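The chains referred to below are lettered A, B, ... by the order of the sequence lines, with proteins before strands, and numbering in each begins at 1. Everything numeric here is computed off the predicted structure, so don't read it as measured data.
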Amino acid sequence: MPLKDELRTLLTAAKLGWAIESNWTDVYLFVVYSVARPVASALVLVFMYLVVAGGNTRPEVMGFLVVGNAFWAFVSNGLQGLAWGVLDDRERYLMLKYVYIAPARFYTYLLGRGSAQLASASAAAVITLGVGGLFLGVPIDLSRLNWPLLLLALALGYIGIAAVGIAVAGLSLNISRESWGFSEGVAGTLFLLCGAIFPIAVLPDWVQPIARALPFTYWLEAIRRAFFGTTQGFSLTDLDTAQVLLYLVVTTVAFAFLANLVFAWSEHRAKERGLIDWVSGS
Amino acid sequence: MQSYCVSVSVRSVPRWLSSRPFSRPSTLLALSEVNKVPDSGFPGELILFWRTVVGRAYPRVIAANREPSWIIYEILLPLLSTFAFVYVYKSLGAPEEFVGFVVVGGAAIAFWGNVLWSMGAQLYWERDSGNLDIYIVAPTSLMAVLCGMALGGLFTTTLRAVTVVGIASLVFKVGYDTQNLPQLALVFVVGMGALYGLGMLLSSLYLLWGREAWHINTMLREPVYFLTGFYFPVRYLGLAVAAVASLVPLTLALDATRQLLFGVEKAGGLLPVWQETLALLLLCVVLLWAAQRALRFMENLARREARLSARGR
């Protein structure tokens, strides 16, 4: 399919996804909804730290917690957007079969449909960082931010999120509607393994190699270095920034390749078993 | 998300609920069967109420276990977040009892998730799958249906929460003070009564909502984790915030549980346990009463606005 058509599919699906995500309420409640969760998550971590540290808080620890939490919203929302897009279209709106037979690439449609959640995540991340910088003592200095590193890390991170998301969406074609928690289970596992809110050094020794095989471990490390300086390590103290980026590229490419295989297998299985128009509820 | 009632099969409906063969597979038929009570009036209505409770609790206990997704939602997810927050405390060098606080908070996640998704939003799912109008015309009280949902949900979630606590305690070697088990049982009973009363209250509100139900439930997770002190003693939020947060019964239930399991000094409780137990008892009575009133009001409103059978909103 020509690139122009792919882009049109992507944009149309993104608009549809955004409409579904946002048109259930008024703007005010939508903003509260988008912001309440990530800010509350950040506050949970901050209070955990305050309780333990008493008055002796360190800005770098606060920064570690708030930045990790703010950017994790991209992963959780991205996976959720893609997986729930499949389940919503199939089970609630009963539209998946029509989308599937439409003259647009299904893969591209899913990416666009799920990308609306990334827009919500962007707003949530910005607001969480703003709250962290203004009220929680997180040392964010926009003039000292390493913008090239941040933008490069974000671009690679999006690819990694899309890769895992498309695999989860493909698998969701094969599971019943009761499995809404599937994407959250995947996101929760990644959250635990990639050191989103703690350094991976505290994980058991046998888990650390798994953590180092995940692109999100390097992604969060690169983002933290973009915010707080490339001279210090956070979760991966043994790697310099160039190595972090190299591992981020390698693991992202590997995950994208694997994810495409999983999606192709899942789609084939769903077609073979007649699950594209499955209504697994009542 | 979890409208389990429709997945129960004909064979699964116990014989005592019915004296004639079922023509279609639905627990709703089981509910209609409860009308076979010999007399109206006080004892008959009570029996009808009780049989409805048991009839609605039955699919929660039995049918739910036929859909293995609950393992993800009610055990894996609480375990994963529990582990993650334990590692946060470990990375911060927190005292050992904080690991125990997180483990107990992890169990509370299972209950809160159950109340939100399987109590609060349940009537929304039922409407979406076309069952709510059948519930309404069933010759029994909707309050009894909700009580059945609560009883069944409480039973299964307790088993799952115990699993979460057991696994996490084994992995992180958490020790508990077991000298106050009777008090703990009392706190659990009144705490859960109040919590599921809140769930019933929410479910009446959700009678009017469409897709908002889903999003409101999602929004009520992390903010509640924060305000109710799922991962740290709530008194650190200050008395005013903690007092407001106590409207969610988990706040006081968690605080009292931690005091009983880890000692008053280590847990740094908000109030003495007996005061928290009394407050929970009061909440239990008030929330159940409010739920009954709200259910009647919302049902009438939903009838007037023709929302009881409006699917796919």
Under 4.5 Å, counting heavy-atom pairs only, tell me which of A:V39, A:V51, A:V52 racks up the most with chain B. A:V51
Around atom CG of A:D238, are there more than 12 heavy atoms from other residues, nucleotides or ligands closer than 6.0 Å? yes
More than 12 foreign heavy atoms under 6.0 Å from CZ of A:R269: is that the case here? yes
So among A:L65, A:V61, A:I197, A:V202, which one has a side chain to side chain contact (heavy atoms under 4.5 Å, CB included) with B:S91? A:V202
Applying a strict 4.5 Å limit to non-hydrogen atoms, the region of B:F232 in contact with chain A is side chain
Part of B:F98 within contact of chain A (heavy atom distance under 4.5 Å): side chain
Test A:R37 against B:T218 for side-chain contact (heavy atoms from CB on, under 4.5 Å), laying out the working first. CA-CA 8 Å; A:R37 284 186 67 191; B:T218 312; 2.9 Å; yes
If you take all heavy atoms of B:M219 and A:A36, which pair is closest and at what distance? CG-CB, 4.0 Å
Let me know if [X] has heavy atoms under 4.5 Å from chain B in its side chain, its backbone, both or neither.
X      : value
A:P38  : neither
A:L203 : both
A:Y49  : both

Would B:F85 and A:M48 count as a side-chain contact (heavy atoms from CB on, under 4.5 Å) here? Give the steps. CA-CA 9 Å; B:F85 284 97; A:M48 286 172 72; 3.4 Å; yes
Please find out if less than 6.0 Å separates the ring center of A:F47 from that of B:Y236. no
For the pair B:Y87 and A:L192, evaluate side-chain contact (heavy atoms from CB on, under 4.5 Å) and give the outcome as yes or no after the intermediate values. CA-CA 9 Å; B:Y87 283 123; A:L192 177 64; 3.9 Å; yes
